[in-house]
2 protein chains.
Amino acid sequence: MITELICVGTELLLGNIVNTNAAYLAQQCANLGLSCYYQSVVGDNENRLCQVIKRALERSDIVILSGGLGPTKDDLTKECVAKVMGLELIKDEHSAKRIKAYFQARGMEITDNNWKQAYAPQGALIVDNHNGTAPGLIIKQEEKSVLLLPGPPMELYPMFEQQMIPYLRSLQPGIIYSKTVKLCGIGESKAETMILDLIEGQTNPTIAPYAKTGEVHFRVTAKAESQQEAEEKMEPLLKTLFERFGDKIYTLKEEEALEHKIVQLLEERNLHLGLAESCTGGLLAGRITNVAGASKVFTTGLVTYTNEAKEQLLGVKKETLETYGAVSANTAQEMVQGVMDKYGTEAAVAITGIAGPGGGSEEKPVGLVYIGCQVKGIRKVKEYHFSGNREKIRQNTVTAALILLRRCILES
Amino acid sequence: MITELICVGTELLLGNIVNTNAAYLAQQCANLGLSCYYQSVVGDNENRLCQVIKRALERSDIVILSGGLGPTKDDLTKECVAKVMGLELIKDEHSAKRIKAYFQARGMEITDNNWKQAYAPQGALIVDNHNGTAPGLIIKQEEKSVLLLPGPPMELYPMFEQQMIPYLRSLQPGIIYSKTVKLCGIGESKAETMILDLIEGQTNPTIAPYAKTGEVHFRVTAKAESQQEAEEKMEPLLKTLFERFGDKIYTLKEEEALEHKIVQLLEERNLHLGLAESCTGGLLAGRITNVAGASKVFTTGLVTYTNEAKEQLLGVKKETLETYGAVSANTAQEMVQGVMDKYGTEAAVAITGIAGPGGGSEEKPVGLVYIGCQVKGIRKVKEYHFSGNREKIRQNTVTAALILLRRCILES
C-alpha cells in the first residue's frame, strides 16, 4: 500500500532540527512492507498544511503525520486533518480524564489550552500517549487511513511500535526485507555495469547500487510472507553477486563498516596493527578506534607530521627524506618498516601525502598520496591521486588505506 | 521568496539515511532570508519525481533539488527537471572534459554511463563540482529558479556555499547578513540566560543561540541594503556580547572552527604541540590537522592505546599504571610530561578515558575521562564525566581537550 509521511513543524523548515522522525517512520514502514513514495515537511500554517494533507490523501493509501498535536494555537495538525476529511472535532472524555490525571500526578495546574488535546475528529480511534499529553489518532475513511502521532521522538517511537504497527499490519500482510551487500575496491559505475543485467531483469528481489566514500553498496530487497521466505528469494541473487565480485564484497551486514571488518580480520588472525600517519593526521587511527574493542589489535598509532617525527619515531633515513621527499613511495615504505621494527606489530600502515590546499607543486600536486602497507610478508606501497578539498582528500585517503590493509590481510 | 526543497533518493524513503541535507539547506535558506515553506522527499521514480517538481514550480519561486545526479540509471533528477520545464538535454563539452580528467587522474576507466553526467538542460548554468563528477545546475525560467545539487554532503556543502549562495543572494534586493559569534567553555542554558534580555528586545539585528558539541554559537542576523550597513547595525550588539562573555568568544567567523583558532594561537606564540591520545584514538590529532598548515605547530601525535605504548612512547611509570590505572589523573599527567620531555614540545595534551560500551566499572564508569594539558609553565589536569554512546563520548572529549588547550595557551 502506498504510504506518505508528513512531518509538521516550523523548526524542521528552519533546519533547527534534523528530521529523524521521518527516517524512523520510513524504516518502520519499509519493514512493514508499505511502499513509502513521498515524505513532506510543512510548517504550522493552516492553509499550507491542509493542502499537503489533501494532496497526500489523493495519492496515497496511508498518510502518517507527526507533530502539531500540542496544546498551543500553533498546533494545527488535528484541526487540519478534520477539516480536509470533513469531520467534526468532538471532546473525548477518556482523553480529558487522562490529561487531568497527567497534570495532577505532576502537581501542575491545567491551563485552558490543555483541553484542546482532548478533542478528536468524530469516529477517530484514540491512541493513548503513555509518555505525554497528546493522544495519537487513527482515522479510517473508505480505503484511506490517516495516522496522527506526536512530534517528540520519546512519545512517537513507543506509540508507533506499541499501537500503530498492529493497526498497519492488519491492513496488509507480508513484509519487505532488505540486505546490504557492501563492496570496496571498485568504482560505482564499474560495479553498476557489472550488474546491469540484474537491474534490468529485476522484479522480486530488487537490487539497487549506492556509492559511499570509496565504497559501493548494493541494496537487495525482497517482498515475501516472512523473513525466511524473503531470504530464500534473495539466495540466488546473492550467490550471483559473490560469483561476480568475490572478496570485493566485505560484508552483508548493514551495521558493519569497513573498519569493523578489518578489526575482526586482525583479531581472527591474531595480528597487531601499528599506524603511522602524516597527511591524515590521526584520522585512520580514529576510524580504527571507532570499533569498540579495537584495543585488542591496535597497539600503536603515530602521527608523524614533521620530518623530525618521521626520523625520531620511525627511523626514516634523513637521506631518504632529502633525496625523495617526505611524500614519496620510499618514505612510505620506510615508515611502514619503522612501525614494524620499532613497535613490533605484524601489520602496519603508513600514509604520507599532500592534503592541501597548500604544499602542492608541479611534480607533486595536492592530492598525491602514498600508502604503504605490510602484513607479515606481504608488502604493498601504492600511489594515489585524489581530488577535492582537504577534507575529501583526507577521507578518501583513510578509506583507501583501509581497503589496502584489508587486501594485504587477505593475501597474507 | 518562497523556497522549496526536494531531496531525491530511495535510501531516504527507506529510512536508511537521515535527511541531513534538508536540515542543512533549510538552515542556509533561513540565513539567506528565503522563506522555506515545503520540503519533499521522493524516490528515483520518473513519474513521481516529475509530479513533485511540477507541484513545487507551481507553489514556489525557488526549487532546490539534491541527489539523483549520479551516473546510474537510477539517477533521474536532471532528466525530470528538463522534462517538466520542457528543456532539451544537451551535452556540455566543458563537463565532459572535466569528467574525463577526473577519471584519468585516478587511472580509472570511463564507462559509458559516466557521460550521462555531462548532459545538461539547454540554457542551464553549469556549476562545477570540485569534489565529484556530477556538476550542479542552475536553471532560470521566467521568475522561477531551479537549483540542482549532488546528494553527497561532501559535494553538496561546498558547492552550495561557494556557487549557489551568490546566485541566491542576487535574486533578492537588500541582503540578510549573519555573523556567528562562537563561544566555548560555557553551557548553552547559562549562555542563553545571559542574553535573554537581548533576545526579547530583538528586532533588527536578531540574535539566536545554537548549541554545538561543547560549544555555543550565537547567530546575529541583520537586514540591510548592503553588507556594510548590516555590519553597522550589528556593531552595538556585538560590543555588548564581548562585554558579557569576554574571551569565551573565540571567533566571529562562520568558517573558523575551534581548531583553526588554536593552531593560530600556537603559531602566534611560536608554540609547538604534541598529543598523546588513548580513548580518542587519534581524533584530536585529526581535528588539529583539519587545519591547513597545522604542520607548522603540530609536531608529534601519539595514539597510545595500550599500557605498553604508554610506557614505551611516553615513559609512563609501570607503578603509576598499576597503582592508579591507565584511566587516572596521574596517568594523564605523566602522559603530558612524557610528550614534553621526549618530544620537546612547549605545549602538550594527553587524553585517557573510557569511551565504552565496555570497559566501565563501579568506580570508573563509561564516560570517565582525564585530560591533561600543559603549555610552558601552565599545567591543568581535569576530570570529566561524559554520557552518550562511544562516538558521542569521543567527540565530547576531543572538544573538551581543545577548550582546555585554548585556556592553557591564553593563561601561559
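To find a chain, count down the sequence lines: A is the first, B the second, and so on, and within it residues start at 1. Note: hydrogens, waters and symmetry copies are ignored here, and every other heavy atom, side chains too, is used.
- Note on A:T180, A:N290, A:I199, A:T20: by heavy-atom pairs under 4.5 Å with chain B, the leading option is A:N290.
- With contacts defined as side-chain heavy-atom distances shorter than 4.5 Å, the pair B:L313/A:T300 qualifies.
- At least one side-chain heavy atom of A:Q51 sits less than 4.5 Å from a side-chain heavy atom of B:Y38.
- Heavy-atom distances place the backbone of A:T280, and not its side chain, under 4.5 Å from chain B.
- The most heavy-atom pairs under 4.5 Å with chain B, out of A:G301, A:A23, A:G282, come from A:G301.
- Using a 4.5 Å heavy-atom cutoff, the side chains of A:L302 and B:V303 are not in contact.
- Using a 4.0 Å cut-off between a side-chain N of Lys or Arg and a carboxylate O of Asp or Glu, A:E200 and B:K73 qualify as a salt bridge.
- In terms of heavy-atom pairs under 4.5 Å with chain A, the best-connected choice from B:Y102, B:Y24, B:Y343 is B:Y343.
- The distance from atom CG of A:L12 to atom CG of B:L5, rounded to the nearest 0.5 Å, is 11.5 Å.
- Side-chain contact check for B:E308 versus A:T299: every heavy-atom pair is 4.5 Å or farther apart.
- Looking only at side-chain heavy atoms (C-beta outward), B:L14 and A:C36 stay at 4.5 Å or farther from each other.
- Contact annotation for B:Q28: neither backbone nor side-chain heavy atoms come within less than 4.5 Å of a heavy atom of chain A.
- Shortest non-hydrogen contact noted between B:N19 and A:V18 is O-CG1, 4.2 Å.
- Contacts of A:A292 with chain B are made by both backbone and side-chain atoms, with heavy-atom separations under 4.5 Å.
- Minimum heavy-atom separation, A:F298 to B:T306: O-CG2, 4.1 Å.
- By number of non-hydrogen pairs under 4.5 angstrom with chain B, the leading residue of A:S189, A:G286, A:A30 is A:S189.
- Contact of the B:R394 side chain with the A:T289 side chain is registered, since non-hydrogen atoms from C-beta on lie closer than 4.5 Å.
- For a residue to count as touching a neighbouring chain, one of its non-hydrogen atoms must lie under 4.5 Å from one of that chain's; by this rule B:S295 touches chain A with backbone and side chain alike.
- In this structure the side chain of B:E11 never reaches within 4.5 angstrom of the side chain of A:H217, judged on heavy atoms.
- Two residues are said to be in side-chain contact when any heavy atoms from C-beta on lie closer than 4.5 Å; A:E188 and B:P71 meet this criterion.
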